[in-house]
2 protein chains.
Amino acid sequence: MPRAGLTTEVLTRAAADLADEAGLEAVTLSALARRFDVKVASLYAHVAGADDLRLRVAMLAHTEIADATAEAVAGLAGREALHALADAYRDHARVHPGRSAAARLPLTPQQAAASDGVRTSRLTAATLRGYGLDEAATVHAVRLVGSVLHGFVSLEASGGFDHSTPGAEESWRAAIEALDAALRHWPTTPLATPANPAPGADR
Amino acid sequence: MPRAGLTTEVLTRAAADLADEAGLEAVTLSALARRFDVKVASLYAHVAGADDLRLRVAMLAHTEIADATAEAVAGLAGREALHALADAYRDHARVHPGRSAAARLPLTPQQAAASDGVRTSRLTAATLRGYGLDEAATVHAVRLVGSVLHGFVSLEASGGFDHSTPGAEESWRAAIEALDAALRHWPTTPLATPANPAPGADR
DNA sequence: TCCATTACCTACAGCCTTTAGGTAGATGCC
DNA sequence: GGCATCTACCTAAAGGCTGTAGGTAATGGA
């Protein structure tokens with residue numbers, strides 16, 4: 001009987017495609033074996049198990065997101081770069097919902113450090129350079145941008161914005177515009193703590 | 001043999017506690033049956049199955065989040081209310097990681113509409129009233145706030161901010177401050193579209 | 001052509017879900 | 001108190017996914 005030509009790479013890509021088509025929860029070794037017309041046990045020669053497979057899909061997604069965003073912001077700066085970065089991130093999530101869901105899987109610190117998520121973080125930091133934030137503020141700003149992108153896309157994927165007006169598209173542009181405004185007006189006052197609330201002077 | 005006194009309510013609460021202690025993926029009918037020293041099949045008298053159980057945990061979480069945030073913002077306005085809302089949301093997620101994960105499960109539009117997530121949305125809209133946004137902007141702002149809260153907490157729970165400086169706590173306060181800045185400087189210019197980029201006039 | 005490698009197999013065991021149909025404890029009515 | 005009725009919980013069984021152990025056959029280099 002002929003061989004199916006399985007490799008870790010091939011399986012990971014097929015799993016990612018399966019996730020995009022049928023949801024991340026449909027990514028099982030059984031389903032994958034069915035797709036290649038192979039017995040489940042055979043897959044263990046290439047991946048360490050179901051969790052390992054999903055982890056590999058997550059890593060692939062992080063790499064693709066880093067590539068897509070890097071290409072999108074090339075040659076741009078400031079507000080335009082922010083929109084390009086954000087749109088590239090969201091577009092990836094819309095075209096590849098399964099990969100996108102995989103990219104939200106919890107990673108160990110080691111896995112996170114080894115993933116291309118750090119590339120996207122560095123790219124985000126570079127994109128924000130034009131806003132003139134200092135080093136400490138840049139870290140916070142990168143995390144804020146990440147939270148907005150991640151949060152919006154995730155809520156949108158969960159159907160949170162469906163069937164209510166206005167459409168998600170409009171809110172997306174408004175959110176990025178607001179993010180731009182926040183970056184331009186980045187608060188430089190000493191941070192308030194619960195024990196030491198800032199005075200309500202500016203509102 | 002004595003009865004265990006199971007009800008849908010009791011099971012949902014136990015499942016939520018189990019989720020907080022051992023992770024949402026540990027919430028199985030088998031584990032729950034073990035916890036009550038009961039056979040798995042018995043649970044089907046109270047919940048429709050594993051998915052139904054997790055959905056009920058999600059609904060419970062949405063209700064608790066709505067309650068916690070409502071209590072937190074009571075009597076506050078503007079920036080202080082925003083911080084109180086955000087902190088209540090994040091605190092709930094930190095104390096109840098499993099419930100919090102359940103609250104991020106995708107819901108159908110019907111389920112979403114029936115959940116107390118809409119209460120939290122309305123509360124958020126009311127909290128933002130002090131910023132003087134018009135009706136359309138308020139919808140976008142509510143979605144932005146939701147995205148930031150959801151996104152940050154979700155990234156934090158995934159360990160995205162672990163083992164890097166500064167700590168998540170500091171970024172959290174910075175993010176809410178930035179959100180406050182964005183709301184105070186909410187962009188009122190006509191929204192740019194990809195086909196019609198806004199002029200770079202304000203940067 | 002032979003041999004080492006490895007891609008894929010069968011067989012099995014364990015856990016989770018779900019359905020079907022049965023038994024015993026609680027409840028309410030007289 | 002006795003009895004019918006409900007229902008909480010049961011046994012039994014089937015099906016799917018994961019994972020391990022050990023076997024067979026295709027492949028490719030010497």
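Reminder, nothing fancy here: chain letters follow the sequence lines and each chain counts from 1.
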Can you sort out which residues in residues 47-58 of chain A have a heavy atom within less than 4.0 Å of DNA chain D? Ascending by number, please. A:G49, A:A50

What residues from residues 16-28 of chain B pass a heavy-atom cutoff of under 4.0 Å to DNA chain D?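 Output list: empty, so none.
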
Using the 3.5 Å cut-off, write out each protein N or O paired with an N or O of nucleotides 11-16 of chain D and the distance between them.
none

Round to a whole Å and report the spacing from [atom1] of [X] to [atom2] of [N].
X: B:L6; N: C:dA26; atom1: CG; atom2: C1'; result: 15 Å
X: B:L43; N: D:dA8; atom1: CG; atom2: C1'; result: 11 Å
X: A:H46; N: C:dC8; atom1: NE2; atom2: C1'; result: 8 Å

Given C:dA7, C:dT18, D:dC10, which nucleotide is nearest the side-chain atoms of B:Y44?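 Among the listed nucleotides, the one closest to the side chain of B:Y44 is C:dT18.
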
Out of C:dT17, C:dC8, D:dG19, which nucleotide sits closest to the side chain of A:L29?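 Of all the options, the side chain of A:L29 is nearest to D:dG19.
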
Would you call [X] and [Y] a salt bridge, taking side-chain N to carboxylate O under 4.0 Å as the test?
X: B:R90; Y: B:E156; result: yes
X: A:D17; Y: A:R13; result: no
X: B:R54; Y: B:D51; result: yes

Just wondering, more than 12 heavy atoms not from A:R129 lying within 6.0 Å of its CZ?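 Counting neighbours around CZ of A:R129, 12 or fewer heavy atoms of other residues, nucleotides or ligands fall under 6.0 Å, so no.
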
Are there over 12 heavy-atom neighbours, none belonging to B:E135, within less than 6.0 Å of that residue's CD?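 No.
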
Identify whether NZ of Lys or CZ of Arg in B:R184 sits under 6.0 Å from the centre of the six-membered ring of B:Y131 and within 45° of that ring's axis. no

Relative to B:F152, does A:R143 satisfy both conditions: NZ or CZ under 6.0 angstrom from the six-membered ring centre, and within 45 degrees of the ring's axis? no

Verify side chain to side chain donor-acceptor pair (under 3.5 Å) between B:R173 and B:H83, making sure each step is shown before the conclusion. CA-CA 8 Å; B:R173 302 215 69 77; B:H83 271 285; 3.1 Å; yes

List the residues meeting side-chain contact (heavy atoms from CB on, under 4.5 Å) with B:R119, not counting sequence neighbours, and say none if there are none.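 Partners of B:R119 by the side-chain contact (heavy atoms from CB on, under 4.5 Å) criterion, ordered by chain and then number, come out as B:T63, B:A66, B:D67, B:D116, B:R122.
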
Taking only residues at least two apart or on different chains, which pairs with a member in residues 84-107 of chain A satisfy ring-ring contact (aromatic ring centres under 6.0 Å, His included)? A:H92-A:H96

Sequence neighbours excluded - ring-ring contact (aromatic ring centres under 6.0 Å, His included) pairs with any residue from residues 52-73 of chain B: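 Non-adjacent pairs meeting ring-ring contact (aromatic ring centres under 6.0 Å, His included): zero.
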
